[in-house]
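Chain identifiers are assigned alphabetically (A, B, ...) following the order of the sequence lines, protein sequences preceding nucleic acid strands; residue numbering begins at 1 within each chain.
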Amino acid sequence: LYIRLNTFRIEVLSDSMPRTRRIRCDEMMLDDDYTVSMDLDSVYGSRTPHADCYIHYIGRKKCQYALVEIKGGKISDALKQLETTFKDLRSRGYKINELWIYMHGSLSRREAKRYVIENDMLFRKVGSKREAVRIDGIPVRVKRVVERGR
Amino acid sequence: MYIKMKISGRLTAEEVFRHKSTILVTLVQTLEKEGLFKAQKLEVWLDSWIEAEGGKKLPLERKLDGIKPTEVLSFLSRLVQIHRDRILRLVVLVEGILLETYEAYALLINVPELRRVYGDILFDVYADVPSGIGGLIDVIAEMNLYEKFNSIISYIGSIQPRPDIVVLAHDPDGFDDFGKRVSFYGKDKRRIVTDIFRTIKFRARAGMSEYEDLLKAIVPYREEKMASIMFEIRGFEHRLTELAKSSNASVSLTKSVLFLGNDVDSGQKFFEQFMNTIIRPLAEKLTKIDVIKQWLQEIISPYRRLF
């Protein structure tokens, strides 16, 4: 899976998605089965914390609606932005059944004390146990990305 | 920007919270005075400021049109009185706009588990990767705001209650890794040396092989003592100033230390220069832990058992 976001072209190191399809958030480009259904920047402007894109694709059996945040700084920021947008979109009646965080590199060592990523899923450490991070019951998936140049 | 306080055992939890509130309000007020930030909303959370992490928002949300220090401080003071039994679960979130463009927030963290990761107070910008903003440092670099943020750091370092450390860094790892810092204030001037020693340990433990040998050399020595010895040597402070200058930064040393970078890589450059000119030559002459172990072995059990 390739994602092109403005100046970024990134390769997602995940085999759970086909590698040939493309999404462009900035131009709301429709490519293959993926559709960036909404340009979230124009919906929220720059003054409200929001996720980076809302996409629709056809999964194996049904339509999937995913909210995507690209982690820039801390993972906690990404979660907060995802959560705020999720609540707002749900209240407007939009379907969301997947939550993704795309991440360059790895977690900061300090944040790794609090979070763990296993099998593309985000977990929170609670004492000696781990708890999947969920927003309204939907688990947050983390996909590692490698920048392919600008 | 990350701020950490030294929590004295003599202070009650309420007093500590009040100290943190004062710093939070002063930070937001200073940012507003500099024309950088405008607070719009204050929220109080329990356990975390993210629901997905088990955080719960208390119904105490306040709309703000800029921060009014006395009003906010008295609100926080009342908050502590009401929630006395769950004071160590409180998180205060102030959201607003930085430079009329970027969504930014300030946090007061009183939850011990979160405090260990993010420090006591933090100020950052929500990332917007498609527009090239990954955090506060990116905004500072793009708008060349080093001078303004450096003056804020030096001001925050001068107020009472005095924070232990103020770090302007890419992520919370800036507390442990000098190379990730742009600027910082330390209550104790020895911090500029001790944090370099700690960075070596941090990087070696993160698996960076080039620091593993150095770690063997420095690990038997106490960082504070090494720093004290260095500061006793005449000319050391001058050397620090020179190193900072060549890293596009400045250092001022009183009882405290103020390292102000004018470049995203200032901290890393300073760290590398300090390593090359002081730590590496020193490490060659220090007795390594393996040698100490061998000596101890010879002293404690000089005879090898045959059976």
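The structure places CD1 of B:Ile50 at 9.5 Å from CD1 of A:Ile75, a figure rounded to the nearest 0.5 Å.
Interface summary for chain A: among B:Gly55, B:Ala127, B:Ala104, the most heavy-atom pairs under 4.5 angstrom belong to B:Ala127. Heavy-atom pairs under 4.5 Å with chain B peak, among A:Arg109, A:Lys87, A:Lys74, at A:Arg109. Contact tally against chain B (heavy-atom pairs below 4.5 Å) for A:Arg134, A:Glu69, A:Glu111, A:Lys113: the top residue is A:Glu111. In terms of non-hydrogen atom pairs under 4.5 Å with chain A, the most contact-rich of B:Glu113, B:Arg116, B:His170 is B:Arg116.
Within the 4.5 angstrom heavy-atom criterion, only side-chain atoms of B:Leu93, from C-beta onward, approach chain A. Heavy atoms of B:Asp177 lying under 4.5 Å from chain A are absent altogether. Looking at B:Phe202, both its backbone and its side chain come within 4.5 Å of chain A, counting heavy atoms on both sides.
A side-chain donor-acceptor contact under 3.5 Å links A:Glu83 to the backbone of B:Glu51. Although no hydrogens or angles enter the test, the distance criterion places a donor-acceptor pair under 3.5 Å between the side chain of A:Lys80 and the main chain of B:Trp49.
Here the options are A:Arg124, A:Arg114, A:Lys125, the test is salt bridge (charged side-chain N to carboxylate O under 4.0 Å, His left out), and the partner is B:Glu53; only A:Arg114 passes.
Note on B:Asp176 versus A:Arg110: salt bridge recorded, some NZ/NE/NH1/NH2 to OD/OE distance being below 4.0 Å.
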